[in-house]
Every structure is written in structure tokens, then in C-alpha cells.
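Following: one structure in C-alpha cells, then a few remarks.
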Amino acid sequence: FRSPELRAVLASQWGDYGLPPSQSAFAIHALIVSHYLDGAYYPVGGAGTLAHSIVPQLEQFGGKALLYQDVKEILTENGRVRGVRVQHRQGDATQDIEYLAPMVISDAGLKNTMLRMLPKADLLFKKELEDFSQGTSNVTLYLGLKESPSSLGLNGANLWIYDSLDHDRNFADRNRLLHGKPPAMYASFPSMKDPAARSHTAELISFLDYHPFSDWSAREWKNRGAEYDELKLRMQNHMLERMDDVVPGFSNLVSYAELSTPLTNEHFSGHPRGSIYGLACIPERFKKKWIGINTPIKGLYITGADAASPGFAGAMMGGFGCAARILGFGGIRKLFQEMGHGNRV
């Protein structure tokens, strides 16, 4: 395309996989854009309803969803998986528990699985995995609103907000948020998509590196000190100021605001350095034979985003691919038959 504006618009969804066009694989951009062409879906009742829908299905087939259990080690013997060791936290008390199984499926990310949970494993690709980029991290501003954003002319569509048509420069300047308005920002309005919403909400997201927050990484969540809290408040104000540039008067709708940082991502998801998309979607990712569903440990499989691609749809396809690999050809056929009948699997 000769038009700089058209090129910039067509590439503007790079935030959905976390890296600008010059660094990303075209395949991931094409997948992201094509899966949005006919619009998108939003779960009635909010994202929490996904877990509420899935857990009963697990339990129906004899499974359990266990909370407050942190996997510390994947147990192996003679090159084969034999279960996991978890630390169960209950209040201030902790207890080590072993669950034995002939198969383990990990959605913790490839780095967490192979490097943290298998510290003694002799992996030929260990150094490559250690050095492989986890992509970028972000801050998210969660907002409660006094009234519907429709009062300002918004219709519920997501907004991509950039300083310029140069996406590489927008990304390179990402840490400017620490002391000024962000050069790139995403805005979403969940309550306008959800017919079951009882109040109005919005989310503002901007990319940011992990290292500016590393001095607080050893401190506990919600107890990182006044300096950290002051930095969060400044970033919150910068993001609202940028939103006001695009939608004048938006900040006047805000009745509640809470900002999460890369440390928040790391605390709740366990992803190294607060990355939100798993392994970076650079061309090299799709050339590495050791990135995918299979692992060198017999009985250990990878699922989710690192088995396919980032985002909800990518993680879902990673799960489908993992199930198909384990079930074999007959299982794949059954999965597709169930999907065709609209049945739950």
C-alpha cells in the first residue's frame, strides 16, 4: 500500500500480540485481523462466567479445579512424567502435596514449565529458551463509571489510540508513560458489550517495560510502599489525560480507578517479567521445533497460548490442538463431530 495512513490503520491491531510490525511475524498479524473481520464476541455476565461454565464440565467427568495451589515442580522419573508437587496455601500456612499422574498438561507457559518447574531437566534448547523473548508487559487502568460512555458518543467499540502513524516509534517510546501521556493506548468498554452488566466500566491499557518496576519486585502485592503508589497514580492520570484528548470529558465519568502494573501481572499469572502474551510472536517463534505442544518429557504437554498464539482465541486453539494430539486421529474426528453438532466437549 502506498498510503501511510492506510498502512498504519491496517497494522494498528499489533497491540493484540504485543510487538510492532517491524518485529512481528506477518502470520500472527493476519490471524488476529482475520478473526476480527466479522466482529467479535463478549461473554454475557463478563469474563468470570467462562470459569463458571467450564468448572462444572470438568467435574462432570471426574475432574476438580483446585485453588491456592502453586505448582512447584513437575515430577519425573526416567524421562517420563509422574505427577506434580504443589504448595497449598491456606491463610499463613502452607503444605506440600504431590499429585501422581501418567500425564501432565501445562498452561503455565513454556518458560515456567520447562525452566521453573523442571529445574533438573537436561534440555538441549534450555539456553535458547532462557534467551527467547517473552515480549512486552503492560499497565491496565480499570475504571468504574458514573454513567454509560454512550453519553460521550462511544458505541462500545474498542479504540486503538496512537501518537503517530509510525507504530515502531509508538512502541519505542512506550516508557514515556512513566512521566507523561502514553504514545499508544487501548480502550475497551466491557459494560457496553454485556447485556447483563449492572454498572458501567472501562479499561485502558498501555505497554510498558518491566525493569522500571523491578526495585519493588520483592515486595508483596498491595504493600509496595508510597513511592510505588505515587508512580501508579501519576500513570493513571497520564492515561486519563490521553483519553480526554480523544474523548473530551471522559475523565469526568470516572468514579473508581485502579491501576495494575507488570508486577501485578507477574503476581497473578506467574508469567516471567509480567508479560501478557507468552513467547514473543517474532518470526523465530514459528521456526523453533521445540515450541509447541510436545516436550522432550514423555507424558508432558503444553497447551494454551504458547502452544498456538496469544489471546483468548489463540489459547483456545492451543487447547484444541493439545487435546487432538493426545486423543489421536479418532479423537480429532470426535472433537470435530461434537463441534459440528454444537455439543459441549
Checklist line | Aromatic plane relationship, His267 with Trp221 - under 30° parallel, 30 to 60° tilted, over 60° perpendicular | finding: parallel
Notebook entry, point to check: Which atom names give the shortest non-hydrogen contact between Pro182 and Leu177, and what distance separates them?
Noted result: CD-CD1, 3.9 Å
Per-pair distances, 0.1 Å, donor-acceptor, side chain in residues 73-85, under 3.5 Å, sequence neighbours excluded:
{"residue": "Arg85", "atom": "NH1", "partner": "Asp96", "partner atom": "OD2", "Å": "3.4"}

Check: Got a donor-acceptor contact below 3.5 angstrom from the Ser255 side chain to the Gly144 backbone?
Finding: yes
Check: What is the distance from atom OG of Ser260 to atom CE of Met235, rounded to the nearest 0.5 Å?
Finding: 9.0 Å
Notebook entry, point to check: Would you call Glu128-Lys288 a salt bridge at under 4.0 Å N-O?
Noted result: yes
Next item on the list: Indicate yes or no: at least one non-hydrogen side-chain atom of Tyr256 is less than 4.5 angstrom from one of Leu143.
Entry: no
Note to self: Is the shortest side-chain heavy-atom distance between Met192 and Ser148 below 4.5 Å?
What the structure shows: yes
For a quick test of your reading: what N or O donor-acceptor pairs under 3.5 Å do the side chains of residues 209-216 make, sequence neighbours left out?
{"residue": "Asp209", "atom": "OD1", "partner": "Arg174", "partner atom": "NE", "Å": "2.8"}
{"residue": "Asp209", "atom": "OD1", "partner": "Arg174", "partner atom": "NH2", "Å": "3.1"}
{"residue": "Asp209", "atom": "OD2", "partner": "Arg174", "partner atom": "NH2", "Å": "3.3"}
{"residue": "Asp209", "atom": "OD2", "partner": "Asn175", "partner atom": "ND2", "Å": "2.9"}
{"residue": "Tyr210", "atom": "OH", "partner": "Glu266", "partner atom": "OE1", "Å": "2.7"}
{"residue": "Ser214", "atom": "OG", "partner": "His211", "partner atom": "O", "Å": "2.9"}

Next item on the list: Find out whether Phe1 and Leu10 are in side-chain contact, i.e. whether some heavy atom of one side chain is under 4.5 Å from a heavy atom of the other.
Entry: yes
Next item on the list: For the residue pair Met114 and Leu129, establish whether any side-chain heavy-atom pair is separated by less than 4.5 Å.
Entry: yes
Next item on the list: Indicate yes or no for a side-chain donor-acceptor contact from Asp306 to the backbone of Gly278 under 3.5 Å, with no hydrogens or angles considered.
Entry: no
Check: Can you name the closest pair of heavy atoms from Ala202 and Phe189 and give their distance?
Finding: CB-CD2, 3.8 Å
Checklist line | Ser275 side chain to Tyr277 backbone, donor-acceptor under 3.5 Å | finding: no
Margin query: Do Leu123 and Pro296 make a side-chain contact, defined as non-hydrogen atoms from C-beta onward lying under 4.5 Å apart?
Written below: yes
Notebook entry, point to check: Would you say Thr295's side chain and Leu300's backbone share a donor-acceptor pair under 3.5 angstrom?
Noted result: yes
Check: Is Asn138 reaching over with its side chain to a backbone N or O of Phe207, donor-acceptor style, under 3.5 angstrom?
Finding: no
Note to self: Could you measure the distance from the OG1 atom of Thr113 to the CD1 atom of Ile105? Nearest 0.5 Å is fine.
What the structure shows: 11.5 Å
Check: Met243 versus Ser251: any side-chain heavy-atom pair under 4.5 Å?
Finding: no
Margin query: Please determine whether the number of non-hydrogen atoms from other residues, nucleotides or ligands lying under 6.0 Å from atom CG of Asp122 exceeds 12.
Written below: no
Item checked: Ser24 (side chain) donor-acceptor with Leu19 (main chain) under 3.5 angstrom -> yes
Note to self: Testing the basics here: between Leu50 and Pro43, what is the closest heavy-atom pair and its distance to 0.1 Å?
What the structure shows: CD2-CB, 4.5 Å
Next item on the list: Please report the closest heavy-atom contact between Asp244 and Phe250, naming both atoms and the distance.
Entry: OD1-N, 3.0 Å
Check: Does Ile293 belong to the same Ile/Leu/Val/Met/Phe/Trp/Tyr cluster as Met316, with side-chain heavy atoms less than 4.5 Å apart forming each link?
Finding: no
Notebook entry, point to check: Would you call the rings of Tyr162 and Trp160 parallel, tilted or perpendicular if under 30° counts as parallel and over 60° as perpendicular?
Noted result: parallel
Next item on the list: Could you grab the distance from atom CG of Asp194 to atom OG1 of Thr201, nearest 0.5 Å is fine?
Entry: 8.5 Å
Notebook entry, point to check: Does the pair Asp70 and Lys72 meet the rule for a salt bridge (charged side-chain N to carboxylate O under 4.0 Å, His left out), with working shown?
Noted result: CA-CA 6 Å; Asp70 183 15; Lys72 294 297 183 182; 3.0 Å; yes
Item checked: For Met185 against Ser206, the heavy-atom pair lying closest together -> CG-CB, 4.5 Å
Notebook entry, point to check: Is the ring centre of Phe320 less than 6.0 Å from the ring centre of Phe336?
Noted result: yes
Margin query: If we ignore hydrogens and angles and just use 3.5 Å, is the side chain of Thr49 paired with the main-chain N or O of Gly45 as donor and acceptor?
Written below: no
Item checked: Leu67 side, atom CG; His88 side, atom NE2 - distance, nearest 0.5 Å -> 8.5 Å
Checklist line | Partner of Asp163 under salt bridge (Lys or Arg N to Asp or Glu O under 4.0 Å), chosen from Arg176, Lys181, Arg169 | finding: Arg176
Next item on the list: Give the minimum heavy-atom separation between Ala308 and Gly314, together with the two atoms involved.
Entry: CB-O, 3.4 Å
Margin query: Quick check: do Gln69 and Gln87 have side-chain heavy atoms less than 4.5 Å from each other?
Written below: no
Item checked: Euclidean distance, Met239 CE relative to Thr140 OG1, rounded to 0.5 Å -> 7.0 Å
Next item on the list: If a pair satisfies salt bridge (charged side-chain N to carboxylate O under 4.0 Å, His left out) and one of its residues is in residues 220-235, list it, with sequence neighbours excluded.
Entry: Lys222-Glu258
Notebook entry, point to check: Measuring from Leu231:CG to Leu259:CG, what's the distance to the nearest 0.5 Å?
Noted result: 8.5 Å
Margin query: Using ring-ring contact (aromatic ring centres under 6.0 Å, His included), reason through Phe312 and Tyr41 one step at a time and then give a plain yes or no.
Written below: CA-CA 11 Å; Phe312 180 85; Tyr41 293 89; over 10 Å; no
Item checked: Check: Lys126 and Leu115 side chains under 4.5 Å, non-hydrogen atoms -> yes
